[in-house]
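Single-structure report; data block below.
Here is the naming used below: chain letters follow the sequence lines, and residue numbers restart at 1 for every chain.
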Amino acid sequence: MKFHKRLLRAEPSFRLLSKLWRISWLYVLLICTLAGVGYVTLYSAGGGTPYPFAAPQAARFAVGLVLMITVAMLPPKMLVRISGPLYVLSIILLVAVLRMGHVGKGAERWLMIGGLQIQPSEYAKVALVLVLASWFNRISYARMGNPLWLIPPAFLVLLPVVLVLKEPNLGTAVIIGGIGASMFFAAGMRLWLIALLLLPVPYLAKFAYAHLHDYQRARITTFLNPESDPLGAGYNIIQSKIALGSGGMWGQGYLHGSQGQLNFLPEKQTDFIFTMIAEEWGYVGAVTVIGLLLLLILGGMLMAIRSRNRFGRLVALGISMNFFLYCLVNLSMVMGAIPVGGVPLPLVSYGGSAMLNVMLGFGLLLSTWVHRDSRFGESDNQDTP
Amino acid sequence: MRLRRRRRESNRLMPIKNQKDPGRGVFTRRALLFMAVQMGALGELAHKLYQLQIKDGDRYARMAASNRVSKRYLAPPRGRIVDRYGVALANNKENWRALLMPEETTDVTGTIERFSTIIPLDERDRTRIAREMRHQRRFIPVMLRDFLSWEEMARIELNAPSLPGVLIDVGTRRVYPEGELLAHLIGYVAPPNERDVARSALLALPGMRVGRAGVEQSQDEKLRGTAGSVEMEVNSVGRVMSELNRVEGVPGAEIGLTIDRGLQQKVLSRIGEQTASAVVMDCRNGEVLAMVSTPSFDPSLFDSGVSHAQWIEWTNNERTPLINKAVAGVYPPGSTFKPAVAMAGLQSGLFSPTDRVFCPGHLDVGGTRFHCWSRWGHGSVDLHQALKYSCDVYFYEMARRVGMDRIAETAHQFGLGTALDIELPHTRTGLIPTPTWRQSHHHHWNGGDTIVSGIGQGFVQVTPLQLATYTSRLATGRAVQPHLVRAMNGDIGPEATPEHWPDLGMPEKYLSALRGGMFAVVNEQHGTAPKARLSLPGITMAGKTGSAQVRRVSRALRESGHFNSANLPWEYRPHALFICFAPYDAPRYAVSVVIEHGNTGADAAAPLARDIMTDTLLRDPVNHLTPPPESVADAAAPEAETPAPDAPPADTPE
């Protein structure tokens, strides 16, 4: 009766099988579903053919799936061990991209390494989640009362934020900052400290606006009044809104979205892919996709809550927040609710670097789930200040 | 046991209060807060999406449709212009052009530079290209060069890889196979200007042309046709993806003229190098068979744009090549006016054809002496003789007694000094002066003004076409109107007969008296124009000479006895005029000739008119459905004693 369990414990290789068994395959199915939506939409964006978008994207997803399962097998101890070097590597890449990166469309920067496009800011997010989780893993909730413990991790957050801002990629910098802040908060940062820090924010915002790049300010002004420059900076937002509106309740039909098929939609395969979905599948299809995204986010959050070790909780939360912020920025952008910034819709948008990073993140998330019951690191109840 | 505890614990998913692990409790609470925020945020986005897609959906759907459908107009081909036998006088020809699609090249100026090394672009091309580049959107092509030859096209195709965005396209250009022969009549076309485009959006289409002179202008609307349209689905850069709906346009109508191209050619060669104008008319139905004005110009130069130097040359030329002298040149009619004066005199009842006037060579009125052209006078002359000798004193006297108002009224009836219903723009009406007209310009009308008007001098001004019309009306007694357009799309309307035109109300006996006088001018001994006698058997012609002074001849010069206008510089010599109709007994053709500074009507204009009339009678265009073979027409030289064998007797109308 317990044969299989005995079998599983007998050998290390069977332990691997046991770990695989513990992966939340429901969650993996959810990921595959969303990637499937991406494939179908990219097929349409390619004009009803698998090339140039859908087929390469499917190949990348397959690679990403293997990567995810592999990462899911890594024990938290190893993750903590590699978090420091990973973080340092990501910072080096961020500096490298500032020095010798390729610039695309005024903002996104990438490095070409061995024929691969690498966006260091994407890796920096994952590395930051790991390194923060490792740090807070050693700082119990009680020690969080002392603000001094928060100064080193604050620098860990600020360093990539500043580097990404210098790229300059405002959208990603905001996401990195958001991830960091959410992890600080979840780790148990005291409320009085938060209140103290939020006090000067309005002044900082004013200062930041004064130091924004012209194109970034243009995005803010056109966002406030997109019709002011219909063929220039406001073009993307207006065309996107037209596409959304022409979708209606049930959509114009798959492969029949006029805005997308006729190339009125800018970057329909990347940043504006959600617009294509909404145009072809209507409100029903769009809300379904939003629902799928929400399920993935909430699933990740539940995994975080369920984890019995502080490291796992924080990694799961950071990864989920990353995914959430990604979706939030992208969706708000295509609906014209926030200024346009080069942030793709995770899993769905075309792009190799983003896909692999998202899958890497899900791998970490699943790793925390697989190792949810391992007692590891500074357990709060054993903590002595 | 331990295993079971772990399982129970692990099933407690949300340990909100956990005294043993306060950090986990805080984490869980705060994570739940995040989840709430996440649900709220995505819910808010779903709500926003609802507003965009459902509530404002219609508005955006409309914007989507206007984004996507582009209506374009199809330029209709311009109608041809043909002569009475269907010979093309204005035609459309393929025009190969090199266009540049600015959006398809990354380096516009570089591409243009490379293009100019292959096909030279002059300064005018460059400024035009620069102007179009500024005004047009990137997906609308800019014309680099048109009228490309095969060789130039081959060179462009060969260098295509280094010319991204350059494409070759075919449009049409207007060609005038007869060139200068019919330039004034056909006119020319030019690209529309902004005012034209404001009137008709059709003209904004590339390749559309507007008639700027001649029949091209007067029949512009018919020749233009109506535009078709095509609704196309376009993408964001304006490239056509598919055709949705197509409405074919109507090509412009083919206009058939009354002109006989062959006759026109003959008349032109008869005139030769002289600065002159000649009109040949069917005096029964008003069809203009030939209308020549020399010198002429090359109308095809206008399609591509006339150079400044060429324009200056034309406008400064004293022989006014751009002006169609047949309708826009005004000349004192001189003695050709005398039949009109005579008709006014006869109709007034003050004169009868047999009344005589003594001509001593001059007439003294109120202290002013008016000379007859003959120093020695003509003695006692009646109407017949007065016309035959062209006695000035007779008509001085007649004008003095009849008065200017009656003369003007009759002249207007004959079509002189009136706007004729010809299908040509830029015509002039000329002038038959009256005391009222003179006073309206705050001048006094002198008796002398009436007297010089009696011989078609002074303020009297008419056009050669008016003279031909006048001759036709003299010959038929009906208010014949000249016209140029005979057919539309090959459909000839009901042909006008003399009965079509209203009767002038002039008694036939008076008209025949005038015709008899004009017959005498040509055919009787001592007539002024024996040189106009036809050498065709059985056909005679009636006519009237005219020599119109352009400068007053002083008394001293005249009395010196050495006056000879042939010795004057060209621009001071009198104009030579002749009007005639034939056959005399059954008038069919009317001809008017004006030779600028040709000196005398009898010596210069009369022989020319005779030759033109001979050509006309030999070709006899009104009785032929096809033009005579060129060889026959050429063989039938004016000196030939017999007409061409296939020409039926010209005096059998219809």
Side-chain angles (χ1 to χ4, degrees), chain A residues 140-142 144 182 185-188 235 238-239 241-249 251-252 258-259 261-266 278-279 282-283 286-287 290-291 293-294 297-298 301-302 304-306 308 310 313-314 316-317 320-321 324 327-328 331-332 335-337 372-373 379-381 383, chain B residues 6-7 9-16 18-39 41-69 137 233-237 239 241-242:
Chain A
S140 68
Y141 174 72
M144 290 291 286
S182 64
F185 183 66
Y235 179 84
I238 292 176
Q239 295 300 338
K241 280 185 164 183
I242 290 174
L244 291 174
S246 63
M249 179 59 93
Q252 297 197 2
S258 61
Q259 291 283 101
Q261 297 294 341
L262 299 174
N263 282 331
F264 282 104
L265 267 185
E279 185 180 29
Y283 184 65
V287 165
I290 292 179
L293 293 170
L294 189 64
I297 295 162
L298 296 181
M301 294 301 282
L302 287 178
I305 292 169
R306 168 63 183 80
R308 295 176 73 81
R310 194 163 158 81
R313 283 202 290 268
L314 286 168
L317 181 120
S320 301
M321 282 308 290
F324 163 69
C327 298
L328 184 72
L331 295 180
S332 311
M335 290 180 208
R372 57 190 179 269
D373 288 332
S379 166
D380 283 329
N381 50 359
D383 185 61
Chain B
R6 263 178 79 170
R7 178 166 294 168
E9 241 180 281
S10 64
N11 283 349
R12 275 175 35 214
L13 206 66
M14 302 173 192
I16 293 175
N18 188 334
Q19 294 304 316
K20 283 185 179 176
D21 189 352
R24 192 171 183 194
V26 169
F27 179 89
T28 305
R29 282 198 300 277
R30 295 190 175 180
L32 285 172
L33 180 67
F34 276 136
M35 287 169 78
V37 169
Q38 287 160 349
M39 284 192 281
L42 291 190
E44 172 58 30
L45 284 177
H47 174 71
K48 168 113 181 149
L49 194 59
Y50 178 81
Q51 284 198 321
L52 284 172
Q53 290 208 271
I54 312 299
K55 284 180 85 177
D56 299 339
D58 285 349
R59 191 180 128 222
Y60 286 117
R62 270 200 306 279
M63 284 167 78
S66 70
N67 238 353
R68 154 181 103 87
V69 178
R137 291 190 60 181
E233 193 174 42
V234 296
N235 71 359
S236 57
V237 291
R239 186 154 306 123
M241 306 304 278
S242 68

Heavy-atom pairs under 4.5 Å with chain B - which of [options] has more of them than the others?
options: L294(A), V287(A), I297(A); result: L294(A)
options: S332(A), G248(A), G188(A); result: G248(A)
options: C327(A), G282(A), A187(A); result: G282(A)

Atom [atom1] of [X] and atom [atom2] of [Y]: how far apart are they, to the nearest 0.5 Å?
X: L49(B); Y: M335(A); atom1: CG; atom2: CE; result: 4.0 Å
X: M301(A); Y: M35(B); atom1: CE; atom2: CE; result: 6.5 Å
X: I290(A); Y: L45(B); atom1: CD1; atom2: CG; result: 6.0 Å
X: L42(B); Y: F324(A); atom1: CG; atom2: CZ; result: 5.5 Å
X: E44(B); Y: L331(A); atom1: CD; atom2: CG; result: 12.5 Å
X: Y283(A); Y: K55(B); atom1: OH; atom2: NZ; result: 11.5 Å

Exercise. Do the side chains of R310(A) and R24(B) get nearer than 4.5 Å, heavy atoms only?
Worked result: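 Contact flag for R24(B)/R310(A) side chains = no.
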Exercise. Considering only heavy atoms, which portion of I54(B) lies under 4.5 Å from any heavy atom of chain A: side chain, backbone, both, or neither?
Worked result: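 Side chain only.
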For this session: Using atom types as modelled and distance alone, determine if a side-chain donor or acceptor of Q53(B) lies under 3.5 Å from a backbone N or O of M249(A).
Result: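 Judged by distance alone, no pair lies under 3.5 Å.
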For this session: For residues Y141(A) and F27(B), establish whether the separation of their ring centroids is below 6.0 Å.
Result: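 No, the ring centres sit 6.0 Å or more apart.
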